[in-house]
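Structure first, commentary second.
Heavy-atom basis, side chains included; hydrogens, waters and symmetry copies ignored. Order of appearance sets the numbers: ligands from 1, and atoms from 1 within every ligand.
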Amino acid sequence: MTIHQNLIAGEWVGSTGSENVNPSDTNDIVGLYAQATADDVSQAIAAAKAAFPAWSRSGILERHAILKKTADEILARKQELGTLLSREEGKTLPEGIGEVTRAAQIFDFFAGETLRLAGEVLPSARPGIGVEITREPLGVIGIITPWNFPIAIPAWKIAPALCYGNTVVFKPAELVPGCSWAIVDILHRAGLPKGVLNLVMGPGSVVGQTMLDSPDIAGITFTGSTGTGKRVAAASIEHNRKFQLEMGGKNPMIVLDDADLGVAVEAAANSGFFSTGQRCTASSRLIVTEGIHDKFVDALTERMKSIQVGHALRPETHVGPVVDGRQLKQDTDYIEIGVKEGAKLAFGGERLERDTPGFFLQPTLFTEATNQMRISREEIFGPVVSLIRVKDYDEALAMANDTPFGLSAGIATTSLKYATHFKRNSEAGMVMVNLPTAGVDFHVPFGGRKASSFGPREQGKYAAEFFTVVKTAYTQA
Ligand code: ADP
């Protein structure tokens, strides 16, 4: 098997590879991927630093052309890359192709943004003096990504970093290096100068930590667990560096008595269980008012019975496997915790056997849960949902906000009054009305509050806030 190498200073390097294993079938090895050493990472950072002066002054047409070409190639190869994504991460093929399409849209969006870079010109408070406000690139950006969106998250960090004139050292998650390698290969062939984008694959403890400890990285954008996010924050403060964190969620979805039952069930099933519940925007807390509670539980458990769990590439599959054995253990441990805490296991909870060795788990619903149980407070990151019964909207709103997290929140209602009130009073960064809490657009801001996020929003034109630094220049003519 050929080794997919790291890209450092424009050269593919690395001779030993680690196996990328398919979670739908652990006998299927997706490929071998090089593991960077601490020394490789230092070389990548030095290369990115050396490439920065020229790239930061490169013409907007050059940047536009490279990003556009990348978008076009990703889109043209969506079937192949979607298959790779589903093989390495375990999302179903339609989900994999959808995510690849989104990555292409993100590169296309930021190709366009290169042509829209703008500043402001203002009169000074002092007559005869002009003030110009411009945005400049930060320098070397460290990008650290998780395994649950193997192509979309790398795309939404790499595309704006390059668009605004930064150079990059990129470390993908160990479990899913395949899509990351593919987009770096595409960008490299699209004509990026040497050292502008460096790929360093390997474990967080070596590759990620070396990035955190480097004084030459001007900004780190991170998506992953709260624990690692805190390390990124502490190291970044130490080095006086800008940082942006996207971490966990425990996203609520409220279902009110007046909800359209079909809409509410579909939104809950989609955001609780699709993509195996492995989305930071998944709704893992359903908060349901008394009048609709029993009807909703019956309809949701009926819907859950129809969800086919299986090999991600099979056409009949609705939900693929859990990403690996470690995550599966975390999910099943939480299922045991839920039972011990006294929640009622209304559906699922069992590991499933299929004709390939993989990490298959039934979608799982706990009813009669409380908001104080660990299954309702801690992020499980699997297809496991707690359902909590409440008296009315006021109690539902208070409970939705009673969480350490604040990424996404939803409400199912036909009442304009409650929908409007919830949009204004939810303490989440993203609010959904009659929609799943997961599933967001590529051209508008993404991010949360409280323990979910830190720093400026990602995506859309709001991405400029993190990837640039503002300069105010005064001129007396
Ligand atoms: P998860 O539990 O979802 O894998 P992590 O926060 O461990 O979440 O991983 C997210 C990303 O952070 C991965 O790319 C991982 O390799 C990286 N990472 C893990 N530990 C460190 C660390 N000490 N320093 C920097 N990056 C790390």
To the nearest 0.5 Å, what is the distance between CZ on F360 and CD on E350? 16.0 Å
Working to the nearest 0.5 angstrom, can you tell me the gap between L32 CG and S15 OG? 12.0 Å
Under the criterion side-chain contact (heavy atoms from CB on, under 4.5 Å), I'd like the reasoning laid out for F366 against E341: C-alpha separation, chi angles, the key distance, then a yes or no. CA-CA 11 Å; F366 280 107; E341 286 180 310; over 6 Å; no
Could you check whether any heavy atom of F222 sits closer than 4.0 Å to an atom of ligand 1, since that is the contact criterion I want to use? yes
Taking the cut-offs as 6.0 angstrom to the six-membered ring centre and 45 degrees off its axis, would you call K242 and F466 a cation-pi pair? yes
Ring-face cation contact, F454 with K230, 6.0 Å cut, 45° max: no
Mark yes when over 12 heavy atoms from residues, nucleotides or ligands other than [X] sit less than 6.0 Å from its [atom1]; otherwise mark no.
X	atom1	value
R77	CZ	yes
E368	CD	yes
H443	NE2	no

Among protein heavy atoms, which sits nearest to [atom], and what does the distance come to when rounded to 0.1 Å?
atom	answer
atom 15 (C) of ligand 1	E174 OE1, 3.6 Å
atom 17 (C) of ligand 1	I144 CG2, 3.7 Å
atom 22 (C) of ligand 1	G204 O, 3.5 Å
atom 26 (N) of ligand 1	G208 CA, 3.6 Å
atom 23 (N) of ligand 1	Q209 OE1, 2.9 Å
atom 21 (C) of ligand 1	T228 CG2, 3.5 Å
atom 1 (P) of ligand 1	W147 NE1, 4.0 Å

With heavy atoms of [X] as the reference, note each atom of ligand 1 found under 4.0 Å away.
X	result
A173	14 (O)
S225	5 (P), 6 (O), 7 (O), 8 (O)
R231	23 (N)
T145	11 (C), 13 (C), 14 (O)
L212	24 (N), 25 (C)

I'd like to know whether the aromatic ring centres of W12 and H4 sit less than 6.0 Å apart in this structure. no
With a 6.0 Å cut-off on the ring centroids, do F107 and W156 count as close? no
Go through the side-chain N and O atoms of N270 and E266 and say whether any donor and acceptor fall under 3.5 Å apart. no
Report the part of R326 (side chain from C-beta onward, or backbone N, CA, C, O) that has a heavy atom under 4.0 Å from ligand 1; answer both or neither where that applies. side chain
Within 4.0 Å of atom 12 (O) of ligand 1 (strictly less), any protein heavy atom? yes
Any N or O of T223 closer than 3.5 Å to N or O of ligand 1: no
Taking both backbone and side-chain atoms of S205, is any N or O found less than 3.5 Å from an N or O belonging to ligand 1? no
